[in-house]
Amino acid sequence: MFCIWDDVNSPENLEGLNFIYWSKSFSLENSSFSITDILEKNSDRYKSFYLEFVLELGLSEHNGKSVIDLLALKPDFSFWWMTLIAQKNNWAKSPQINHILKLMVLEDWLNRNKCKKLFINTRNFELFRTISKLCKTKDIKLINLKKKNYFLARLKIIYTNKFFYLFKSFFWLLRETVLSIPFAITSISIKENFKSNVIFISYLSQNEIENDKELNSDYWGPLPSYINKNNISSNWLYLPNRKLSFFKNLLFFKNIKEQQINQNNYFSISSFFSLTLLGEIFRNFLFIFRQSRLVSTSIKKESSYYWDLLNNDLKKSLFGPEMIRNLFYFSLFGRISKTMSANNLIYLYENQPWELSASYFFGKKIKRIFGFAHSSIRYWDLRYFNSHRIYKNNFKTLFPFFCDLIVHGKNDLKNMTEFGFPKEKIKEAESLRYIYLNKYLSTSTKHKMSNTFLVLGEYLRSDTKFMVDLLTSENVKEVLENYKIIFKPHPLCPVKKSDFKDLNVEINFSAPGKLISQSDLVFVGNVSSVASEVITLGKQVICAKDLTLLDMSPLRGYKGISFAVDSDSFSKELRKKTFVQKDTYQESILNLDESLKLWRNILKI
């Protein structure tokens, strides 16, 4: 008999059972196995299954109309692509996607093996209900091993009903309206029709504002400087940064408006807000609300026993702040596109819903639109991938496809084209965010023997906590006794010294390249693209790997990379690295050509 074990603690006193380990693996004796291991060994198969599954949900029909058609805000644009289900953000917004992928593995196993009874141990109520429904379709008796109390989980279902989400969505709209009006009625707002060579859509960097760094360098590297020096006209549009205070935002745009550097204009998209947009937003909301019942019915039928893992994402998308935010940006970019024009438009590509609005409206007047994947494209970061059929049948999917995708490495190029992205629509260019590493390359290969252990924090609090917990475990602290430990937090995920208990750690905010070049050994998270910087500078690296998640490391598949899944494996890898007297990884995965030849050719500047 088998037991599905979804627990961080090892099974005890359960003789006679084999285990199907859902996340963390323990003993693999007898017939026990790891679902995650099977998923990784057959990753292309299940990744493709999931991408096709999402498209089929969109194409599922009710009375002859697909979900995509039911949510068509325009004849050639569907709101479906702005939903959390279509966005596929398994990294931060939709963690249940990882369970769906594992369920696909489980279903295949059940189809190959005769099984009349299954045990389960999980705290995830939605996962329990889903596996119960799967077992019911196969006439398998599912026994809840510990009879967990799911009262809080049921309470959560009430807490996340559509009326609660509607309240939150209108509160979001009220707040955004109040914060946008000052930008729209001051001299910051734009009243003229600006034509430029390039329109950039970007994020306002908190790091640049608070530390007086060169504007736009965090995301775009030396490209803005090249544009300034060569007097190339450009308009920069910034998404609101709510991490910065309202007054800092307002003051920044006021000051930069007065300076007006060269041929460039800088605007918050809030500057284009008008109260008249609220009418359009409300009409689109009513349209989505009226269609929501039909959409939910279609998705529930098509998704079958996966429904419980999709339900909350669908409710957020149709009723929650995600819905009203997407409608807000849809109307706002519609207005902006009437005011601005250019030869090229380029935006930071992360498959965020606002990107679809921008490419849709500007695509009607600008032929050259580019999405720039400014960070490494990780294999399991499903935001970047779609079913290959989307690119071939746009008339059915109503997908607002941009002109070209720009990537900054051969690994990214390979990841995208292997999963159906048209080769003729993808271009490779210099790695703008990482060109600054050139000044450290000449010194990074010299081993300094300084016994410096660098830890580079993650964006998400949960990922950073996983790393800190590994660092502060007793067997790891013992190995690190002779190291100077430096922790650089992610700008959006601060840490305190007290987080490290009695471990002596220096918190340092210097540039990653500088700290990496001065270190002997570097510890990185499971997601951050900073791992690419580490091996570019030739440093030894250990990657944290949380087995409850998928392998999101940009170094996935690279030979010789060490991974730490728990304190034992971490201390073991640390001891190995301690005896290595030279740097080992010199993979050329980034394009650091300072001439920007490829970028100049793409933008024709």
Side-chain angles (χ1 to χ4, degrees), residues 71 73-74 76-89 91-94 169 172-173 175-177 179-180 183-184 190 198-205 216 219-220 235-244 249 253 266-274 277-278 280-281 284-285 288 313 316-318 320-340 342 344-366 369-375 381 383-384 386 398-403 405-406 492:
L71 292 176
L73 292 176
K74 300 282 185 181
D76 50 354
F77 182 93
S78 175
F79 184 79
W80 164 252
W81 299 114
M82 305 177 96
T83 64
L84 289 171
I85 295 174
Q87 192 179 345
K88 307 178 298 297
N89 190 340
W91 164 53
K93 296 180 182 179
S94 303
S169 68
W172 184 94
L173 181 60
R175 186 202 65 172
E176 201 64 24
T177 299
L179 294 177
S180 297
F183 287 88
I190 181 169
V198 190
I199 294 174
F200 292 91
I201 306 179
S202 187
Y203 300 108
L204 189 61
S205 168
N216 298 315
Y219 293 107
W220 302 91
N235 284 322
W236 290 81
L237 294 170
Y238 299 95
L239 276 294
N241 183 346
R242 299 305 177 210
K243 298 286 183 180
L244 278 171
N249 267 297
F253 285 106
Y266 305 88
F267 304 103
S268 166
I269 63 169
S270 300
S271 303
F272 297 83
F273 177 75
S274 167
L277 291 180
L278 294 177
E280 181 183 346
I281 294 168
N284 284 334
F285 158 73
I288 299 297
D313 274 356
K316 287 180 181 178
S317 301
L318 298 180
E322 291 81 0
M323 172 271 299
I324 207 73
R325 182 188 299 116
N326 294 339
L327 294 179
F328 182 88
Y329 286 142
F330 185 76
S331 296
L332 195 56
F333 275 109
R335 186 165 190 255
I336 295 172
S337 67
K338 296 174 183 176
T339 311
M340 284 189 171
N344 305 278
L345 181 139
I346 179 168
Y347 59 84
L348 299 174
Y349 176 59
E350 297 174 338
N351 196 27
Q352 301 281 2
W354 66 260
E355 301 168 27
L356 305 180
S357 298
S359 61
Y360 171 73
F361 284 109
F362 277 107
K364 297 183 177 300
K365 59 192 299 187
I366 299 176
I369 297 179
F370 304 93
F372 170 43
H374 60 100
S375 185
D381 192 347
R383 293 176 298 170
Y384 294 98
N386 288 298
L398 306 184
F399 188 74
F401 194 55
F402 45 76
C403 177
L405 172 64
I406 301 174
L492 299 179

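Excluded from the calculations below are hydrogen atoms, water molecules and symmetry mates; all remaining heavy atoms, backbone and side chain alike, are included.
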* Asked: Going by heavy atoms in the side chains, are P353 and Q87 under 4.5 Å from each other?
  -> yes
* Asked: So, does S359 use its side chain to make a donor-acceptor pair with the main chain of L356 at under 3.5 Å?
  -> yes
* Got a second to check how far I269's CD1 is from L239's CG, nearest 0.5 Å? -> 4.5 Å
* List the steps and the verdict of side chain to side chain contact (heavy atoms under 4.5 Å, CB included) for L327 and L173. => CA-CA 10 Å; L327 294 179; L173 181 60; over 6 Å; no
* Could you check N249 against L179 for side chain to side chain contact (heavy atoms under 4.5 Å, CB included), going step by step and ending with a plain yes or no? => CA-CA 10 Å; N249 267 297; L179 294 177; over 6 Å; no
* Asked: How long is the span from the CZ atom in F79 to the CG atom in N326, to the nearest 0.5 Å?
  -> 5.0 Å
* Over all heavy atoms of both residues, which pair between A342 and I199 is shortest? Give the atoms and the distance, please. => CB-CG1, 3.5 Å
* To do: Enter the distance from F328:CZ to S270:OG here, rounded to the nearest 0.5 Å.
  => 6.0 Å
* **Residue pair S337, K364: steps toward the side chain to side chain contact (heavy atoms under 4.5 Å, CB included) verdict** => CA-CA 9 Å; S337 67; K364 297 183 177 300; over 6 Å; no
* From F200 CZ over to N344 CG, what is the distance, rounded to the nearest 0.5 angstrom? -> 8.5 Å
* Close side-chain approach of M323 to M82, heavy-atom, < 4.5 Å -> no
* Asked: Donor-acceptor pair, S317 side chain versus L84 backbone, under 3.5 Å?
  -> yes
* Check: A86 main-chain N/O paired with K88 side-chain donor or acceptor under 3.5 Å -> yes
* To do: Could you tell me whether the side chain of I201 reaches within less than 4.5 Å of the side chain of L348, counting heavy atoms only?
  => no
* To do: Would you check, one step at a time, whether the test side chain to side chain contact (heavy atoms under 4.5 Å, CB included) holds for F333 with F272?
  => CA-CA 9 Å; F333 275 109; F272 297 83; over 6 Å; no
* To do: State, with a plain yes or no, whether a side-chain heavy atom of I281 is found less than 4.5 Å away from one of I324.
  => yes
* Report the distance from atom CZ of R325 to atom CD of Q352, rounding to the nearest 0.5 Å. => 9.0 Å
* **Test ring-ring contact (aromatic ring centres under 6.0 Å, His included) applied to F330 and F77, step by step** => CA-CA 11 Å; F330 185 76; F77 182 93; 5.0 Å; yes
* Asked: In terms of heavy-atom contacts, does NZ of K74 have more than 12 from other residues, nucleotides or ligands at under 6.0 Å?
  -> no
* To do: Please check if the distance between the ring centroids of F370 and Y349 is under 6.0 Å.
  => no
* To do: Side-chain contact test, heavy atoms from C-beta onward, threshold under 4.5 Å: evaluate it for W81 versus L71 and give yes or no.
  => no
* To do: Write down the atom of A184, the atom of F273, and the distance for their closest heavy-atom approach.
  => CB-O, 3.2 Å
* Asked: Any idea how Y219 and H374 line up, ring-wise: parallel (<30°), tilted (30 to 60°), or perpendicular (>60°)?
  -> perpendicular
* Grab the two heavy atoms, one from N241 and one from L204, that are nearest each other, plus how far apart they are. => ND2-O, 2.7 Å
* **Closest non-hydrogen atom pair, S94 against D313** => OG-OD2, 2.7 Å
* Asked: Taking the side chain from E322 and the backbone from T83, do they hold a donor-acceptor pair closer than 3.5 Å?
  -> no
* Aromatic ring centroids of F267 and F183 under 6.0 Å? -> no
* Asked: In Å, rounded to the nearest 0.5 Å, how long is the span from CG of N216 to OH of Y203?
  -> 14.0 Å
* Asked: Going by heavy atoms in the side chains, are D76 and Y360 under 4.5 Å from each other?
  -> yes
* Could you tell me which residues satisfy salt bridge (charged side-chain N to carboxylate O under 4.0 Å, His left out) with E176, sequence neighbours excluded, listed by chain and number? => R242
* Would you mind reporting whether S271 and F253 have side-chain heavy atoms less than 4.5 Å apart? => no
* Flag, side chain of K365 to backbone of M340, donor-acceptor distance under 3.5 Å -> yes
* Are W220 and F372 close enough that some pair of their side-chain heavy atoms sits under 4.5 Å apart? -> yes
